[in-house]
Asker: 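Got a structure for you, written out below as structure tokens; questions coming shortly.
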Amino acid sequence: MAYDHKSIKDKVDSYHKDSNDFYVDTSKEGKNKFYSLGMFPYPSGNAHMGHVRVYTLSDVKARYKKLKGCDVIHPMGWDSFGLPAENAAIKHKVRPDLWTEENIKKMKYEQLNIAGWSFDWDKELNTSSPDYYKWTQWLFLEMHKAGLAYRKEDYVNWCPVDKTVLANEQVIDGRSWRAGAIVEKRLMEQWFFKITDYCDKLWDGISKLKNWAPEAVSVQKNWINKNTGTVIHFNVPEFDEKIEVFTTRPDTLFGVTALVIAPEHPLAAKILEKHPSKEVEDYVNASLKKSAVERMQNKEKTGVNTGVKCRHPFEGDCKYPEVDVWIGDYVIADYGTGAVMCVPAHDTRDFEFAKKFGLDIIEVVSNPEGEGELSEAYTEDGDLINSGEFNGMNNRKAIKAITESLDKNNKGEATTTYQLKDWSVGRQRFWGCPIPMVHCDSCGIVPVPESELPVELPKASDADMEDGVLNLKNFPDFVNTTCPSCGKAAKRETDTLDTFLCSSWYAFRYLDNKNDTNIFDSKNVNNFMPVDFYVGGLEHAAQHMIYFRFITKFLNDRGYINFDEPVDHFFCNGMVKMGGHKMSKSRGNVVVPTDAIDKYGADAIRMYILSDTPAELDVDWEDSGIKAKYDFIKKNYNAIENFLAETKDIKAEKGNLKDYPGQDFLYNYYATLKEYEYSMEQNLFHKGVANIHAFSNHILKELNKRKFLEASGADRDYAGTFKFIIKEFLTSAGLIIPFFTEVLLKEHYGVESLYNQTFGEIEAAYLTKSTVNVVVQINGKKKALLEVDKEISEADIEKLAFENADVMRTVEGKNIVKKIYVKGKIYNIVVK
RNA sequence: GCCGCAGUGGUGAAAUUGGUAGACACGCUAGACUUAGGAUCUAGUGCUUCGGCGUGGGGGUUCAAGUCCCUCCUGCGGCACCA
């Protein structure tokens, strides 16, 4: 029957209708376990090409490992809380839970089941379902118990469009990651997770991320950003306290001509209280009002001198034993200590600041041009000058020496600082996991007892959405409760949790998704974690991956799991574009996966999405490309189906390969199989597609050459062996193109499930030929190619080489200096 | 500014890690078959003055470099008044 992708799909669907071939029992220790995971989707109701790429990648890897005999888990679920659901629900006046439910159904039964993705649906989970978010709440309570969930009043990132607080990770260039609005700083009391307690563990763990995409490792590094330096104490006698500054350049300490603190620094308020000054007050207020963007964009240094003095730790030895305390908004409040020492001579920012406000510039590191008026800060190395007892010392050495000296006198110490901030987890939105906390007038903030979990979201009715905004505050039945501690009337917390918390532990839950007494059974998780192959976009390398790692380290510390990094191999796939642009409705360049599959079949789309471009890079969709894959599949199906139908009476058996007349074919076949295995092992999926083309080229050529269908003689006798090779080919290629291959395997070989086959055995004997090609080079340039016996002696090679006309011509009239023979590969003649 | 990734035919790219550069495709050129071709098949396709020359530029190591070292240029991504 001629190729028809629709009837083929129907057949494959019927094979798997009543079975879950992709089920794996996670309570048992996996045999060579393999966890292949594509980042779970947000159920928007529309699967797009990005999903096709991600899940085809996780699927091909899962299928490959399965053929290699591993116990593979390849689950799927829904990241269903969050703003888009809520916004869409408000817009369409549908309850968010019902809207989400509809979308999940649509995606599950109409979009994610048509491309042959081998999901184990038994493991399905949904983060907005109470049986899931019960455990998100439990996790929050565990954090709280450990002292890692806390409230504090702080300047938070406020998105004026979405009317919610954002995590630092959700602010990109000062703008909200979703709405794109300029983020304001607001002083609010908020729930935080103390991820900063894990800075050192998260930083040290980076060295274990050997199989992560290098870009993703870089993102982790930049985000945590460990810096070693020195904290130096400057006493402020008037206030009887000290200002601690953080610096990586303690060697320049003797060049300090001012101290600059951030407007948010606690001392700023104290100074204002004691010395009311309109100038200082206006400056501080103006700075606090400025958005992060404004502060960043305005590179011109601003500041104000408070007139308050502080003492230099080496006051006896330096030019300025006493310096003024300034307030400047170029100092960042939440990095280091929120205060810096101003060394104009050796820091470009301080130099600018000093020039603008007429501060003195004292050189303390000598530069090759000698002391004199500097036109810019000198930031290179040199020997110290004007630095008391440290004069003449190389500044690198001085970093250590000065720190040690400060430490000895209790005026400072070596320290490390991180850029990572605590994780703000509260959101002022309805469609999220409720925070299981109660506010009681008598007892304060009290956790909801574990036995009362989950704290369920109220079912919002259409009426609740009349004003266009959903907020838990507006649900009295939800808000009003009793205090778990004293029993008096109390109010529930109405913030919900950042959805990144929901997605920080879903990979664990897949392994025990029906557990209603524990978040998961540790045994299951230890059996199958860490994730061996995690596929997703680089855009999740900062937020999601750092939270995922954090929660893993936390659960490890609490003894729930026995590993401390969640992902072995993080594979960052590129985007699917069209015409060089991201697919988008407004641009009108969207290819809908279901349409493409309807037209060309899932085999074609799978093969195409993996072909030509490495999966890490962006790929440009071209209709001519998928058409070519469709034609390829049709051609192969028809040729192979025809062969198999005509040789029904011949049994497929390996037989004695040595008797098979097509020895070149066998060599090519096994060489390709070896390459294909390598491609799959190394995640070179586009090469895998190229290997399938190569397989096909060899097979169709052989089919044509041997004329199995016409012959009755010797060639016909070998059809059984050839049939066996075809079976192996269909099995291997089935990783990428599982539809037509499975139909042929089922109908002509009686194979029950493509997924449970084994990867073809590579016949090493065929990979070594009796002859080899030896390249003859002169001075490393190829001159001739000799096909010779594998065991040929060097003397014989030499003889053959010098008989070659091209070699003779090139060598003529030159001195032969040296001859090098690399056995079976190269014979190089060095001439002068 | 710092960190990471990359630069190879007309195009996407390969080169299993120092040993025949351009596998496999797309496109293109010729031919065959066909009522037709945006189908299929066959052959060709890095450049070339046919000596050679070719992996962003320039140095270097080596018998041998796309691959290793130094240096510069360009593009992409991340961080960034981070002290």
Side-chain angles (χ1 to χ4, degrees), chain A residues 172-173 213-225 227 229-230 245-250 252 260 295-302 328-332 334-343 346-350 352-353 379 417-419 538-539 541-542 572 574 608 611-614 616-620 622 624-625 627-629 631-632 634-635 638 672 674-675 677-679 681-682 684 686-697 700 704 773-786 809-810 817-822 824-831:
Chain A
I172 294 147
D173 292 334
E215 301 92 325
V217 176
S218 159
V219 168
Q220 290 278 311
K221 264 189 198 160
N222 283 334
W223 202 260
I224 302 167
N225 193 17
N227 221 333
T230 306
V245 305
F246 173 77
T247 181
T248 55
R249 295 291 306 273
T252 64
V260 189
R295 263 170 92 160
M296 211 162 63
Q297 277 166 350
N298 183 16
K299 298 268 178 182
E300 174 101 1
K301 296 285 170 292
T302 62
D329 72 1
Y330 78 96
V331 179
I332 292 163
D334 48 12
Y335 181 75
T337 56
V340 301
M341 58 184 204
C342 180
V343 185
H346 306 291
D347 181 280
T348 51
R349 294 150 304 184
D350 296 344
E352 269 179 63
F353 191 75
T379 55
T417 184
Y418 297 91
Q419 197 172 308
L538 188 58
E539 70 271 19
C572 291
Y608 176 61
S611 68
D612 296 333
T613 303
E616 294 91 334
L617 306 180
D618 290 348
V619 66
D620 207 66
E622 284 179 66
S624 62
K627 175 71 168 45
K629 295 299 179 246
D631 291 340
F632 171 84
K634 187 169 78 176
K635 178 175 75 178
N638 289 339
T672 306
K674 195 178 176 210
E675 273 196 47
E677 183 184 46
Y678 180 82
S679 302
E681 207 59 63
Q682 301 292 317
L684 304 168
H686 65 308
K687 264 198 78 186
V689 172
N691 300 144
I692 288 179
H693 277 284
F695 275 133
S696 166
N697 291 345
L700 297 188
N704 195 38
N773 290 330
V774 173
V775 178
V776 181
Q777 300 180 334
I778 294 171
N779 293 344
K781 301 247 186 271
K782 180 181 163 190
K783 287 293 162 198
L785 186 62
L786 304 174
R809 181 173 45 76
T810 316
V817 181
K818 206 173 176 184
K819 298 164 199 161
I820 290 140
Y821 178 52
V822 182
K825 280 185 178 164
I826 300 279
Y827 184 74
N828 192 13
I829 304 160
V830 185
V831 299

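We name chains A, B, ... by the order of the sequence lines, and we start the count at 1 in each one.
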Asker: For the P atoms, the ones on B/rA23 and on B/rA13, what distance do you get once it is rounded to whole angstrom?
Answerer: 15 Å

Asker: Could you say whether A/D631 or A/H693 is positioned toward the 5' end of RNA chain B, judged by the nucleotide with the nearest heavy atom to each?
Answerer: A/H693

Asker: Are side-chain heavy atoms of A/K825 and A/V774 found at a separation under 4.5 Å?
Answerer: no

Asker: Is the phosphate of B/rA83, meaning OP1 or OP2, less than 4.0 Å from a side-chain N or O of A/Y330?
Answerer: no

Asker: Can A/Y335 and A/N227 be counted as having a side-chain donor-acceptor contact under 3.5 angstrom?
Answerer: yes

Asker: Give me the distances for all protein-to-nucleotides 16-18 of chain B N/O pairs that come in under 3.5 Å?
Answerer:
| residue | atom | partner | partner atom | Å |
| --- | --- | --- | --- | --- |
| B/rU16 | O4' | A/Y678 | OH | 3.0 |

Asker: Could you tell me whether a side-chain N or O of A/S679 sits under 3.5 Å from a main-chain N or O of A/E675, the two making a donor and an acceptor?
Answerer: yes

Asker: I'd like the P distance from B/rG37 over to B/rC28, given in whole Å.
Answerer: 16 Å

Asker: Verify salt bridge (charged side-chain N to carboxylate O under 4.0 Å, His left out) between A/D631 and A/K627, making sure each step is shown before the conclusion.
Answerer: CA-CA 6 Å; A/D631 291 340; A/K627 175 71 168 45; 3.2 Å; yes

Asker: Return the nearest nucleotide to the side chain of A/K782; candidates are B/rC82, B/rG77, B/rA21.
Answerer: B/rA21

Asker: Could you walk me through whether A/H686 and A/V689 pass the side chain to side chain contact (heavy atoms under 4.5 Å, CB included) check?
Answerer: CA-CA 5 Å; A/H686 65 308; A/V689 172; 5.6 Å; no

Asker: Could you give the CZ-to-P distance, from A/F246 to B/rC82, as a whole number of Å?
Answerer: 12 Å

Asker: Would A/M341 and A/V245 count as a side chain to side chain contact (heavy atoms under 4.5 Å, CB included) here? Give the steps.
Answerer: CA-CA 6 Å; A/M341 58 184 204; A/V245 305; 4.2 Å; yes

Asker: Assign A/N691 to base, sugar-phosphate, or nothing according to its heavy-atom contacts below 4.0 angstrom with the strands shown.
Answerer: nothing

Asker: Strictly under 3.5 Å: I want the nitrogen or oxygen pairs between protein and nucleotides 46-56 of chain B, one per line.
Answerer:
| residue | atom | partner | partner atom | Å |
| --- | --- | --- | --- | --- |
| B/rG52 | OP1 | A/R809 | NH1 | 3.4 |

Asker: Quick check: do A/K782 and A/V776 have side-chain heavy atoms less than 4.5 Å from each other?
Answerer: no

Asker: Please pick, from B/rG19, B/rC24, B/rC82, the nucleotide with the shortest atom-to-atom distance to any side-chain atom of A/I332.
Answerer: B/rC82

Asker: With the side chain of A/V822 defined as its heavy atoms from C-beta on, choose the nearest nucleotide among B/rC81, B/rA83, B/rG19.
Answerer: B/rG19

Asker: So what does A/D620 touch, heavy atoms closer than 4.0 Å: a base, only the sugar-phosphate, or nothing?
Answerer: nothing

Asker: If you look at every strand shown and take non-hydrogen atoms under 4.0 Å, does A/K629 touch a base, only sugar-phosphate, or nothing?
Answerer: sugar-phosphate

Asker: Detail all sub-3.5 Å separations between protein N/O atoms and N/O atoms belonging to nucleotides 2-12 of chain B.
Answerer:
| residue | atom | partner | partner atom | Å |
| --- | --- | --- | --- | --- |
| B/rG12 | O2' | A/T613 | OG1 | 2.6 |
| B/rG12 | N2 | A/D612 | OD1 | 2.8 |

Asker: Out of B/rA83, B/rA39, B/rG77, which nucleotide sits closest to the side chain of A/T247?
Answerer: B/rA83

Asker: Nearest to the side chain of A/Q777 - B/rC81, B/rG19, B/rA14?
Answerer: B/rG19

Asker: Using heavy atoms to find the nearest nucleotide of RNA chain B for A/V219 and A/F632 separately, return the residue whose nucleotide is more 5′.
Answerer: A/F632

Asker: Between B/rG9 and B/rC5, how many Å separate the two C1' atoms, rounded to a whole number?
Answerer: 23 Å

Asker: Without swapping roles, check the side chain of A/Q220 against the backbone of A/A541 for a donor-acceptor pair under 3.5 Å.
Answerer: yes

Asker: Between A/D347 and A/R249, is a side chain to side chain contact (heavy atoms under 4.5 Å, CB included) present by the stated rule, with each step listed?
Answerer: CA-CA 9 Å; A/D347 181 280; A/R249 295 291 306 273; over 6 Å; no

Asker: Just checking, any donor-acceptor pair under 3.5 angstrom between side chains of A/D329 and A/T302?
Answerer: yes

Asker: For the P atoms, the ones on B/rG51 and on B/rA32, what distance do you get once it is rounded to whole angstrom?
Answerer: 33 Å

Asker: Would you check if A/N828 and A/Y821 make a side-chain contact, meaning some heavy-atom pair closer than 4.5 Å?
Answerer: no

Asker: Please determine if a side-chain N or O atom of A/H686 lies less than 4.0 Å away from the OP1 or OP2 oxygen of B/rA14.
Answerer: yes

Asker: Fill in the dot-bracket string of RNA chain B, one character per base: . for unpaired, | for a pair to another strand, ( ) or [ ] for pairs within the strand, taking Watson-Crick or G-U pairs under 3.5 Å.
Answerer: (((((((..(((......[....)))((((((.......))))))((....))..(((((..]....))))))))))))....

Asker: Measure from the side chain of A/Q419, starting at C-beta and using heavy atoms only, and say which of B/rC26, B/rC79, B/rU20 lies closest.
Answerer: B/rC79

Asker: When the P atoms of B/rA25 and B/rU40 are compared, how many Å lie between them, rounded to an integer?
Answerer: 14 Å

Asker: Would a distance-only check, ignoring hydrogens and angles, find a side-chain to backbone donor-acceptor pair under 3.5 Å from A/N779 to A/V831?
Answerer: yes

Asker: So among A/I778, A/V817, A/T810, which one has a side-chain contact (heavy atoms from CB on, under 4.5 Å) with A/I829?
Answerer: A/I778

Asker: How would you list, by chain and number, every residue that makes a ring-ring contact (aromatic ring centres under 6.0 Å, His included) with A/Y827, sequence neighbours excluded?
Answerer: none

Asker: Between B/rU62 atom C1' and A/K818 atom NZ, what is the distance in whole Å?
Answerer: 9 Å

Asker: Pick the C1' atom in B/rU67 and in B/rU20, then give their distance to the nearest Å.
Answerer: 15 Å

Asker: If we take the P atom in both B/rU8 and B/rG57, what is their distance in whole Å?
Answerer: 10 Å

Asker: The criterion is ring-ring contact (aromatic ring centres under 6.0 Å, His included); which residues satisfy it with A/F632, sequence neighbours excluded?
Answerer: A/H693

Asker: Side chain of A/I826, heavy atoms from C-beta onward: which of B/rU20, B/rC82, B/rC26 has the nearest atom to it?
Answerer: B/rU20

Asker: For A/F353, does the six-membered ring have the charged nitrogen or CZ of A/K301 within the cation-pi criterion, i.e. under 6.0 angstrom from the centroid and within 45° of the normal?
Answerer: no

Asker: Rounded to whole angstrom, note down the C1' distance from B/rG1 over to B/rG56.
Answerer: 24 Å

